[in-house]
Structure formats: structure tokens, C-alpha cells
Amino acid sequence: MDLQLIYTPRSHFSRKVRLLLDGLGIEAALVDAGNAAALDPALFGPNPLMKVPTLLDGGRAVFESDHIAAHLVRTRDPGDRFGVLTADVDALNARAVMNGAMGAEVELVLGARSGFDTAHPRFDKMRTALVAALDWLEQRHGLFGDAPDYLGFHLVSLWDHVALYDLVPLEHPRLRARVERLSALPFVAASKPR
Ligand SMILES: N[C@@H](CCC(=O)N[C@@H](CS)C(=O)NCC(=O)O)C(=O)O
């Protein structure tokens, strides 16, 4: 297969790319890196940062979830059906907030997995920022339209990962409603992390 995605089944950064692939009906072979906290560079293919996702498109490697999404759209979806290439400042702020929140999740989950005591104040800041990010998004819930789009795929990926690891309380009814609506789509439900 031309496309391969190095990922892990629970990786939320990988899931937004998987949702885009599935939404666009693009086939890609999924290559499970195993434990994202692992120290073996070989697990992460050509990515020097030892993170997932990485896309392999023929002979070319593409790093970073949003870069991968943009690459997929530029090469395979000229109409940009899911709004990946948006230049809207509010949408891009929401994307930045969700990426930051997801980064905090990574530190909390992989920190605990690597043996850190996540009661340390450094991790308190991450939990506080994660709640503040969700509050910020809740106040701007109107950015998430009814129709499936990349911003919605991003939100579902963030939300389901917070829920899976029970990182902070999810007391955000408008975001929850958006997530539930999107999760009714079979291809969205299919990649829900367990
Ligand atoms: N900015 C990157 C973040 C990717 C990321 O942090 N992935 C996590 C898994 S969800 C990871 O591989 N972490 C490994 C580590 O931090 O050691 C992206 O958008 O792809």
C-alpha cells in the first residue's frame, strides 16, 4: 500500500489523522509503534522526535498530525471537504488550544507510564491548563459545526482520550453534545480508543 501511518491505537494525535483518512475514504496501512513512551527509535520509523503519528507516502515521510492532514488534502482532496486548510483565525486558535491540551495529556499519561509522580506541581499545571482549554473551547462551541470536519475530528480525539484516562472532569455539555453527534458516525465510533 502506498500510504502507511505509524501510530498507536490510543494516540489522540494519530486519531485525528485516522478520522481524516476514514472520512475521505483513503486507505492507509496502520503500523502500530507499540508503546509511545518507549526509548527505541526504530519503533517510530524515520521520525527523529520519536513520536506518532508519522505518515509514509511512497518514499516520503511526513511528520506532525496537522502537517500530515494538510499533506493528505493537498495531494488527495483538492476540494478540502473537511476544512483542513482553513485560514480562519478563530478556527486555528481552537486548533492550537486543542493541540496544547493534547500535549498536556501526553505528558500526564506518558509521565505516569514512565514512573513520574504526577502529583508534582508541574503536572498540576498541566491538569489546570487542560481544564482551562476545555472551558475555553466550551465558550466557543459554535466553532464546531454540525457537519463533520477536521476541527470536529480534533475535538473527538481530544475528548475521548481525556475520558479514557480520566485525566480531568469533563463538565462541558456543549462540547459533549458535539462529540456525541460525531460519534454516531460509524467511522468515528470505530476508532474510539479502548
Ligand atoms: N505535535 C505532534 C505531537 C505528537 C505526540 O505527542 N504524540 C504522542 C502520542 S499521542 C507521542 O508519540 N509521544 C511520545 C513521547 O512524547 O515520548 C503531532 O501533532 O503529531
Worksheet item: Considering residues, nucleotides and ligands other than Leu39, do more than 12 of their heavy atoms fall under 6.0 Å from its CG?
Response: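 No.
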
Check this for me, if you would: do [X] and [Y] make a salt bridge, where the nitrogen-to-carboxylate-oxygen distance has to be below 4.0 angstrom?
| X | Y | answer |
| --- | --- | --- |
| Arg74 | Asp80 | no |
| Asp57 | Arg60 | no |
| Lys16 | Asp66 | yes |
| Arg181 | Asp146 | yes |

Closest non-hydrogen atom pair between [X] and [Y], with its separation:
| X | Y | result |
| --- | --- | --- |
| Thr8 | Gly34 | CG2-O, 3.1 Å |
| Asn47 | Pro53 | ND2-O, 4.3 Å |
| Val84 | Arg95 | O-NH2, 2.9 Å |
| Val17 | Ser65 | CG2-O, 3.6 Å |
| Pro9 | Pro193 | O-CB, 4.2 Å |

Item to complete: Start with the C-alpha gap between Glu105 and Leu158, add the side-chain angles, then the distance that decides, and say whether side-chain contact (heavy atoms from CB on, under 4.5 Å) holds.
Response: CA-CA 9 Å; Glu105 288 179 69; Leu158 159 63; 2.8 Å; yes

[X]-[Y] co-clustered via ILVMFWY side chain contacts under 4.5 Å:
| X | Y | result |
| --- | --- | --- |
| Val52 | Val62 | no |
| Phe44 | Val106 | no |
| Met102 | Trp136 | yes |
| Phe82 | Val188 | yes |
| Met98 | Leu134 | yes |

Can you find a heavy atom in the side chain of [X] that is under 4.5 Å from one in the side chain of [Y]?
| X | Y | answer |
| --- | --- | --- |
| Phe123 | Asp117 | no |
| Leu19 | His154 | no |
| Val179 | Leu155 | yes |
| Val31 | Tyr7 | no |
| Leu24 | Arg81 | yes |
| Glu107 | Phe116 | no |
| Val89 | Asn93 | yes |

To the nearest 0.5 Å, what is the distance between [atom1] ([X]) and [atom2] ([Y])?
| X | Y | atom1 | atom2 | value |
| --- | --- | --- | --- | --- |
| Thr86 | Leu151 | OG1 | CG | 8.5 Å |
| Ile68 | Ser14 | CD1 | OG | 7.5 Å |
| His172 | Glu138 | NE2 | CD | 6.0 Å |
| Ile6 | Asp32 | CD1 | CG | 10.5 Å |
| Phe13 | Lys51 | CZ | NZ | 7.5 Å |
| Thr118 | Met126 | OG1 | CE | 10.5 Å |

Item to complete: Indicate whether any N or O donor in one side chain lies under 3.5 Å from an N or O acceptor in the other, for Arg113 and Asn35.
Response: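 Yes - a donor-acceptor pair under 3.5 Å links their side chains.
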
Item to complete: Mind running side-chain contact (heavy atoms from CB on, under 4.5 Å) on Arg18 and Leu30 for me, showing each step along the way?
Response: CA-CA 9 Å; Arg18 292 168 65 199; Leu30 297 177; 4.0 Å; yes

Discussion item. Would Val97 and Arg140 count as a side-chain contact (heavy atoms from CB on, under 4.5 Å) here? Give the steps.
Written reply: CA-CA 12 Å; Val97 167; Arg140 292 159 184 81; over 6 Å; no

Worksheet item: Side chain of Arg127, backbone of Leu167: donor and acceptor closer than 3.5 Å?
Response: no

Item to complete: Determine yes or no for a side-chain-to-main-chain donor-acceptor pair under 3.5 angstrom, with Thr75 supplying the side chain and Leu72 the backbone.
Response: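 Flag set: sc Thr75 to bb Leu72 pair under 3.5 Å.
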
Worksheet item: Per the side chain to side chain donor-acceptor pair (under 3.5 Å) rule, which among Arg15, Arg194, Arg10 passes with Asp160?
Response: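 Of Arg15, Arg194, Arg10, side chain to side chain donor-acceptor pair (under 3.5 Å) with Asp160 is met by Arg15 alone.
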
Worksheet item: Does the gap between the ring centers of His67 and Phe63 come in under 6.0 Å?
Response: no

Fill in: Derivation and outcome, side-chain contact (heavy atoms from CB on, under 4.5 Å), residues Leu175 and Glu180
CA-CA 9 Å; Leu175 296 180; Glu180 283 176 358; over 6 Å; no

Item to complete: Measure the acute angle between the ring planes of His12 and His161, then classify it against the limits of 30° and 60° as parallel, tilted or perpendicular.
Response: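 Parallel.
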
Practice prompt. Hey, can you tell me if Tyr150 and Phe153 have their rings parallel, tilted or perpendicular (30° and 60° cut-offs)?
Written response: perpendicular

